[in-house]
Amino acid sequence: PNKYKHAAQFTIQRGVNGVQLPTAALVTNFPREPQPMEHSQAVTFFHEFGHLIHCVLGGQHRRWVDN
């Protein structure tokens, strides 16, 4: 009834250069059965994972990884 029905990325704490690493969470509600994900579930997962990677490695105002 009150289940989380979608996937999302949340910023837990922003990074502060030289002081604090950024932290983020990926919240999903995929089935637990031992079977492959459906294509739409995989697309959703990688989409949200991209947001997480951008948050952690891209930073808000500074980059954490050099080009």
Side-chain angles (χ1 to χ4, degrees):
N2 293 324
K3 249 180 151 178
Y4 194 75
K5 298 189 189 293
H6 59 283
Q9 179 270 324
F10 298 99
T11 300
I12 305 296
Q13 70 180 15
R14 294 178 186 226
V16 178
N17 195 23
V19 177
Q20 169 178 293
L21 292 174
T23 304
L26 188 61
V27 178
T28 63
N29 185 20
F30 296 126
R32 291 186 177 210
E33 293 90 35
Q35 61 188 17
M37 285 180 149
E38 293 179 10
H39 180 263
S40 63
Q41 293 171 329
V43 168
T44 298
F45 174 78
F46 284 113
H47 174 87
E48 295 303 329
F49 188 71
H51 289 301
L52 186 134
I53 293 298
H54 180 259
C55 175
V56 172
L57 298 181
Q60 294 292 326
H61 303 288
R62 290 182 172 257
R63 292 186 175 188
W64 294 93
V65 178
D66 291 330
N67 290 337

Participant: With rounding to the nearest 0.5 angstrom, report the OG1 to NE2 distance, Thr28 to His6.
Facilitator: 11.0 Å
Participant: Taking only residues two or more places apart in sequence or in another chain, which ones pass side chain to side chain contact (heavy atoms under 4.5 Å, CB included) with Gln35?
Facilitator: Glu33
Participant: Scan the side chains in residues 36-46 for donor-acceptor partners under 3.5 Å anywhere in the protein, sequence neighbours excluded, and list what turns up.
Facilitator:
from, atom 1, to, atom 2, distance (Å)
Gln41, OE1, Glu38, N, 2.9
Thr44, OG1, Ser40, O, 3.0

Participant: Suppose we screen for side chain to side chain contact (heavy atoms under 4.5 Å, CB included). Which residues come up paired with Ala24, at least two apart in sequence or across chains?
Facilitator: Gln9, Leu52, Cys55, Val56
Participant: ring-ring contact (aromatic ring centres under 6.0 Å, His included) with Phe30: which residues, sequence neighbours excluded?
Facilitator: none
Participant: Ignoring hydrogens, what is the shortest heavy-atom contact between Gln13 and Leu21? Give both atom names and the distance.
Facilitator: NE2-O, 3.1 Å
